[in-house]
Number of protein chains: 2
Amino acid sequence: MTSATAPVPARTRTRRSSADLVAGLLEAAAVEFAAHGFTGASTRRIAERAGAHQPQINYHFTSKEQLWRATVDHLFSLMDATLAGFDDGPSTGEAFEAVLRSFLVFSADHPELDRIINLEATAPSPRLDWLVATHLLPRYAAVSAAWARLRAAGLGADLTAAEVWELLTSFGAMHFANAPMLSRLGIHGDSRSESAVHTERMLGILMATTPTG
Amino acid sequence: MTSATAPVPARTRTRRSSADLVAGLLEAAAVEFAAHGFTGASTRRIAERAGAHQPQINYHFTSKEQLWRATVDHLFSLMDATLAGFDDGPSTGEAFEAVLRSFLVFSADHPELDRIINLEATAPSPRLDWLVATHLLPRYAAVSAAWARLRAAGLGADLTAAEVWELLTSFGAMHFANAPMLSRLGIHGDSRSESAVHTERMLGILMATTPTG
DNA sequence: GTCTATACCGAGATAGAC
DNA sequence: GTCTATCTCGGTATAGAC
């Protein structure tokens, strides 16, 4: 038997720099929040996934809610890095298509962001208010403006900006976000070529070019 | 005065028949599960919304998981009542369109079902396995068969059955399921005419008829 | 057969050791 | 400044009264 004092705490965790720990927690939080939603996810599991103890989350992020916001901010900044140049406003059809492709590639590589957004989308909450005001409205405005320019140039399908936005976020991105369900339906199997087919189909609908495939 | 034995429990609840109570619990559960997901919803809140006490749920449904399944079964049976005749397999374009319209009207009237499905769609779980096997796969098979007949008759857009399914459930139904988010984006305001516009746009994409609007 | 009182567990947050 | 030990609360499930 070991000493009678206490059950040895499972503390094999190596001491890391604060920045590394925070990065690890953000990554773990993205996975857990995307899988179970804000209320469904537990900070204990997030900490465990990151190889940390639960109270370290409260120390580094103050509260579960702040951790959630930091996670969303982080994922959006990753997306912005991928979509660099979009704010300039692509006015040619090809430039617009290139941005859409980048968005869908990002959604395929990081399905967590769309999952987190969709999990919050069904019910009013302070988080939804913050998400819309901070991240979604500015981006929706940018898409609307770009779409208006494109249409003015005689390009794109006969759809409103709202319809384009909904098609992109629901049909476009959900294909990746809902992969667990779709794969059980036999609809897709994560292959890279399958993603490309889906992306081109999405572009076909938006740009009203009939795909040859 | 009642007896002096105990602090009177807040038991203003009128005694109801078992069937009424079960129906009330199912309705309350649909709202709560749709808003917060399985883990996020609490049986306390569900019971409270139905004017019952929490342990009554365990009595009538055994467990939270069983309550969830009963709720999904109930919503699907409501949908089947609306879509009566679909299994017969509509082969004409007009019959197919009529079924699609019914589906979208149901989704607008009962957004809870699509919300519950989407909240489960992002992560593997016993519930997702059950949902797909019990409810989604048979319906997907029916849609696939109907779509194949339609395409064989030279009707419908150049889309696979999987794409039709995804368009219907994501773009089509999500418009209603994600109303809290969309309304904050200024995209829609629940009006009946707005729903009709969305429905016709969905049909336009699927049936490749260019809407005049 | 049905409901109330309550047990028990896991959640997030804090206090205080280091 | 950072982490561990611990508190409190709200979660679901059960035991036993009616």
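Residue numbers start from 1 in every chain, and the chains themselves are labelled A, B, ... in the order their sequence lines are given, proteins ahead of strands.
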Subject >> Atom-pair distance (NE2 on A:H60; C1' on C:dA13), nearest Å >> reply: 15 Å
Original post:
CG of B:N58 versus P of C:dC8: gap in Å, rounded?
Top reply: 16 Å
Original post:
Can you check the B:I57 CD1 to D:dG10 P distance for me, whole Å?
Top reply: 18 Å
Subject >> CA sep, side-chain torsions, deciding dist, call: B:E200, B:R101, salt bridge (charged side-chain N to carboxylate O under 4.0 Å, His left out) >> reply: CA-CA 8 Å; B:E200 294 314 309; B:R101 282 202 184 82; 2.9 Å; yes
**OP:** Could you check whether the rings of A:F38 and A:F33 sit parallel, tilted or perpendicular, using 30° and 60° as the cut-offs?
**Re:** parallel
Subject >> Interatomic distance, A:N118 atom CG to B:L119 atom CG [nearest 0.5 angstrom] >> reply: 9.0 Å
**OP:** Using the six-membered ring wherever Trp is involved, compare the ring planes of A:H188 and A:H175 and label them parallel, tilted or perpendicular (cut-offs 30° and 60°).
**Re:** perpendicular
**OP:** Could you tell me the separation between the CZ atom of B:R44 and the P atom of C:dA7, rounded to a whole number of Å?
**Re:** 14 Å
Original post:
Rounded to whole angstrom units, what separation is found between the CD atom of A:Q56 and the C1' atom of D:dC3?
Top reply: 6 Å
Original post:
Taking A:H36 for the side chain and B:T39 for the main chain, is one N or O donor matched with an acceptor at less than 3.5 Å?
Top reply: no
Original post:
Under 3.5 Å, is there a donor-acceptor pair between the side chain of B:T122 and the main chain of A:A177?
Top reply: no
Original post:
Within this structure, what is the CG-to-P distance between A:L25 and D:dT2, rounded to whole angstrom?
Top reply: 13 Å
Original post:
Which of these nucleotides, C:dT14, C:dG12, C:dC3, is closest to any side-chain atom of A:S42?
Top reply: C:dG12
Subject >> Distance in angstrom units between A:D20 CG and D:dT2 P, rounded >> reply: 13 Å
**OP:** Would you mind telling me which of D:dT12, D:dT14, C:dG12 lies closest to the side-chain atoms of B:K64?
**Re:** D:dT12
Original post:
Quick check: are there more than 12 heavy atoms from other residues, nucleotides or ligands sitting under 6.0 Å from CD of A:E27?
Top reply: no
Subject >> Nearest to side-chain heavy atoms of B:Y59, which nucleotide of D:dT14, D:dT2, C:dT2 >> reply: C:dT2
Original post:
Can you check the B:Q54 CD to D:dG11 P distance for me, whole Å?
Top reply: 9 Å
Original post:
Near DNA chain D, under 4.0 Å by heavy atom, which residues of residues 27-38 of chain A?
Top reply: none
